[in-house]
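Working notes for the structure below.
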Amino acid sequence: MNAFVINHAKIVTPTATIIGSLRVEEGIITGIGEEYYEAGTLPHIDARGAILMPGIIDIHTDALDMEIVPRPGADIPIVIAFRELERKMSGCGFTTVFHSLHLGYEVAEGQSRSKYSRKEVFETVHRAAAGPTLLNNKIHLRFELTGVAAYEECLEFIKKGYVSLLSVMDHTPGQGQFGKENFRRVRLRDGRTEEQAEEEFRMLMSRPRIEGVRLKELIDLARENNIPVASHDDDTPEKVGLMHSLGVDICEFPITAETAQHATKLGMRVAGGASNILRGGSLSGNLNIKEAVRQGVVDTLCSDYYPPAILHSIFRLHQEERMPLAEAVRLATLNPARAAGIDHYTGSIEVGKQADLLIVKLPGGLPMITHTIVGGQIVCQARLTAAETEVPIKKTNGEYA
């Protein structure tokens with residue numbers, strides 16, 4: 001449809017929820033208002049009181065690597081994995097996806113036992129994203145700082161235009177996710193002796209890594225190409241301060257509340273995993289994201305390892321924490337768009353922006369997407385088999401429920 005109207009919707013704008021209609025022309029939002037457009041003037045979708053919100057923007061999801069290699073050594077053709085993941089993600093409400101593809105991460109490469117080189121993965125995904133797609137697909141390159149041999153390849157991918165977001169990560173034990181005591185406990189649980197765990201710790205600590213001048217050159221190259229840069233698993237305010245001084249824009253998955261607070265103080269975007277909210281806490285005993293959101297030190301949600309988590313987390317924050325819906329929605333739409341530098345054309349329901357939209361119903365209190373719209377095109381549509389009940393429109397405490 002070149003032009004259409006969505007009527008009778010609870011429209012989530014950047015600051016409030018209003019009742020009314022939205023007009024789309026040539027893939028762009030051209031009208032938002034409390035008036036209703038007459039049926040027959042333009043093709044229309046009757047939202048029947050459902051929520052109309054911006055499409056979800058996920059700046060970190062590991063789903064594509066897992067789709068390509070769902071089991072160790074079980075390689076799926078990359079293009080098929082890409083296309084099938086798009087279909088799944090459209091049903092989860094994603095309209096823009098930054099596929100987080102690792103590079104230099106030897107542990108992940110060893111565990112996957114994939115026949116594909118990382119270069120083949122990056123090149124194939126880049127070509128697929130540039131062709132006909134359901135969603136707006138981009139590459140988030142996750143570079144492991146101990147991947148010294150992959151450093152030049154990382155620079156090459158940036159120069160070739162494959163990368164829309166860069167993160168630098170370091171899984172060396174003794175810091176980040178893997179403090180020494182946590183490393184020791186896991187290794188003992190896996191059957192190592194105290195001596196074996198200590199020897200492995202020393203061996204991993206001694207590996208060379210990209211740091212100093214070479215790390216600065218990598219971050220500078222990204223910034224010269226207008227690529228936002230994130231640091232991964234920062235565990236101290238000092239680490240955040242260092243990364244910020246090097247030009248890093250985003251603090252991704254901070255380990256502690258103090259780290260998240262310092263990143264916020266420095267004006268960085270701070271991203272946390274939505275799965276943490278959905279599950280009720282961190283798998284590793286790290287920062288509780290619900291608490292961090294409540295305290296205002298995490299402003300962006302990403303799916304990490306479970307794509308459906310973002311949509312459910314939005315509505316948990318709204319329903320259980322009484323967070324205004326517009327505020328909860330911003331965590332997964334406008335804020336990640338700002339972090340990624342794409343908020344000038346997507347991430348919110350505003351006139352002039354791309355029509356990346358979701359219609360969401362709440363059967364049984366759980367969010368269900370009935371329409372995913374990308375650039376004005378319906379890419380996913382669903383309904384319950386049982387008779388649907390219209391969602392009543394009423395205003396409570398200044399919010400439309």
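Fair warning: this is a prediction, and the values are worked out from it, not measured in the lab.
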Item checked: Any donor-acceptor pair under 3.5 Å from T61 side chain to A63 backbone -> yes
Next item on the list: Rounded to the nearest 0.5 Å, what's the gap from CD on E120 to CD1 on I68? Could you check?
Entry: 9.5 Å
Notebook entry, point to check: Between CZ of R48 and CD1 of I359, what distance do you get to the nearest 0.5 Å?
Noted result: 11.5 Å
Notebook entry, point to check: How long is the span from the CG atom in L22 to the CD1 atom in I11, to the nearest 0.5 Å?
Noted result: 5.5 Å
Check: Any Lys/Arg nitrogen of R269 or D299 sitting under 4.0 Å from an Asp/Glu carboxylate oxygen of the other?
Finding: yes
Note to self: Once salt bridge (charged side-chain N to carboxylate O under 4.0 Å, His left out) is applied, do any residues pair with K159, and if so which ones, sequence neighbours excluded?
What the structure shows: none
Checklist line | Backbone of H99 reached by a side-chain donor or acceptor of N137 within 3.5 Å | finding: no
Checklist line | Over 12 non-hydrogen atoms of neighbours within 6.0 angstrom of CZ in R192 | finding: yes
Check: Between S114 and D75, does any side-chain donor sit less than 3.5 Å from a side-chain acceptor?
Finding: yes
Next item on the list: Flag the pair R214 and E217 as a salt bridge only when some basic side-chain nitrogen lies within less than 4.0 angstrom of an acidic carboxylate oxygen.
Entry: no
Notebook entry, point to check: Quick one: CD1 on I57 to CG on L135, what's the gap to the nearest 0.5 Å?
Noted result: 11.5 Å
Item checked: From CD1 (I6) to CD1 (I45), nearest 0.5 Å -> 4.5 Å
Notebook entry, point to check: So, does S348 use its side chain to make a donor-acceptor pair with the main chain of L334 at under 3.5 Å?
Noted result: no
Note to self: If you take the centroid of each ring, where Trp contributes its six-membered ring, are F122 and F157 closer together than 6.0 Å?
What the structure shows: yes
Notebook entry, point to check: Which is it for D65 and R118 under the salt bridge (Lys or Arg N to Asp or Glu O under 4.0 Å) test, yes or no, and what are the steps along the way?
Noted result: CA-CA 10 Å; D65 268 326; R118 297 313 293 169; 3.1 Å; yes
Notebook entry, point to check: Any donor and acceptor pair, going by atom type alone, linking the side chain of R23 with main-chain N or O of T30 inside 3.5 Å?
Noted result: yes
Note to self: Taking NZ in K160 as the centre, count heavy atoms belonging to other residues, nucleotides or ligands within less than 6.0 Å. Is the count above 12?
What the structure shows: yes
Next item on the list: Please check if the side chain of H140 supplies one atom and the backbone of F98 the other of a donor-acceptor pair under 3.5 Å.
Entry: no
Notebook entry, point to check: Counting heavy atoms not belonging to E106, are there more than 12 under 6.0 Å from its CD?
Noted result: no
Notebook entry, point to check: Is E321 paired with R294 through a side-chain N to carboxylate O contact shorter than 4.0 Å?
Noted result: yes
Item checked: Pairing of K239 and D233 as salt bridge, 4.0 angstrom limit -> no
Checklist line | I76 vs E84, side chain to side chain contact (heavy atoms under 4.5 Å, CB included): CA-CA, chis, key distance, verdict | finding: CA-CA 11 Å; I76 303 299; E84 292 305 315; over 6 Å; no
Check: In Å, rounded to the nearest 0.5 Å, how long is the span from OG of S100 to CD of E252?
Finding: 6.5 Å
Item checked: For H232, the option from F253, Y105, F143 that meets ring pair (Phe, Tyr, Trp, His ring centres under 6.0 Å) -> F253
Margin query: If we ignore hydrogens and angles and just use 3.5 Å, is the side chain of N276 paired with the main-chain N or O of I289 as donor and acceptor?
Written below: yes
Which donor-acceptor pairs under 3.5 Å do the side chains of residues 304-314 make with protein atoms, sequence neighbours left out?
unit_1, atom_1, unit_2, atom_2, d
S313, OG, A274, O, 2.9
S313, OG, A309, O, 2.8

